[in-house]
Amino acid sequence: MAANRVGRRYNHKVHSPNRGPREPGLHLQKRQARVTVKYNRKELQKRLDVEKWIDDRLAELYLGREAEMPEEVNIDDLLDLASDEQRVSKLQDILHSCRNNTDVFVKELMERLQGLQKQEELQNDGIEHPQ
């Protein structure tokens with residue numbers, strides 16, 4: 001019978017009796033789950049939050065002058081430096097073309113960098129993954 005076929009259509013969505021409705025973003029969720037197993041989820045989220053904050057703040061600082069905006073502020077390059085003074089100096093070099101006051105941005109970023117791990121250190125040691 002047609003009603004017993006695998007993959008019946010209801011409201012233009014494909015249903016499978018074993019898996020439930022298939023949504024367009026389902027494959028993406030599975031991929032993200034694998035990434036969070038490989039990496040420390042909490043530390044990865046902290047890093048992503050800082051990266052998003054940097055992007056948002058740079059967009060505010062360079063509003064109307066996006067062509068002058070630095071290509072990126074590499075968190076790992078900043079974390080590689082030995083002292084906060086060196087980090088501040090590097091940030092000032094990166095932001096030299098900004099006409100707005102960057103002192104608040106630099107100060108807040110320095111606070112957010114405290115306790116942040118480099119990208120290569122985010123991988124969990126206890127889980128083996130084939131290369």
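A heavy-atom distance below 4.5 Å is found between the side chains of N100 and R65. Under the 4.5 Å side-chain criterion, counting only non-hydrogen atoms from C-beta, L91 is not in contact with V88. Inter-residue side-chain proximity for I54 and I75 is flagged as met; some heavy-atom pair is nearer than 4.5 Å. Put simply, the side chain of L95 reaches to within 4.5 Å of the side chain of V106, judged on heavy atoms. Residues L109 and V73 meet the side-chain proximity criterion, which asks for heavy atoms closer than 4.5 Å.
P70 and I94 get closest at one heavy-atom pair: CB-CG2, 3.6 Å.
Rounded to the nearest 0.5 Å, atoms CG (D49) and CG (L44) are 9.5 Å apart. Interatomic distance, E108 CD to T102 OG1, rounded to the nearest 0.5 Å: 12.0 Å. Distance check: K46 NZ to R41 CZ gives 15.5 Å after rounding to the nearest 0.5 Å. Between atom NZ of residue K90 and atom CG of residue D80 there is a gap of 9.5 Å, rounded to the nearest 0.5 Å.
Sorted by first and then second residue, the pairs that involve residues 91-104 and meet salt bridge (charged side-chain N to carboxylate O under 4.0 Å, His left out), not counting sequence neighbours, are E68-R99. For residues 41-94, the ring-ring contact (aromatic ring centres under 6.0 Å, His included) pairs, not counting sequence neighbours, are W53-F105. Evaluation of the ring-ring contact (aromatic ring centres under 6.0 Å, His included) test over residues 81-102, restricted to residues two or more places apart or in two chains, returns none.
Between R47 and E43 there is no salt bridge, since no side-chain N of the basic residue sits under 4.0 Å from a carboxylate O of the acidic one. Looking at D55 and K52, no side-chain N of the basic residue comes within less than 4.0 Å of a carboxylate O on the acidic one, giving no salt bridge.
In this structure, Q86 contributes its side chain and A82 its backbone to a donor-acceptor pair below 3.5 Å. Within the 3.5 Å criterion, the main-chain N or O of G64 finds a donor-acceptor partner in the side chain of E66.
Grouping the Ile, Leu, Val, Met, Phe, Trp and Tyr side chains by contacts below 4.5 angstrom, directly or via other members, places M110 with L78. In the hydrophobic cluster analysis, where Ile, Leu, Val, Met, Phe, Trp and Tyr join through side-chain heavy atoms closer than 4.5 angstrom, L113 is grouped apart from V104.
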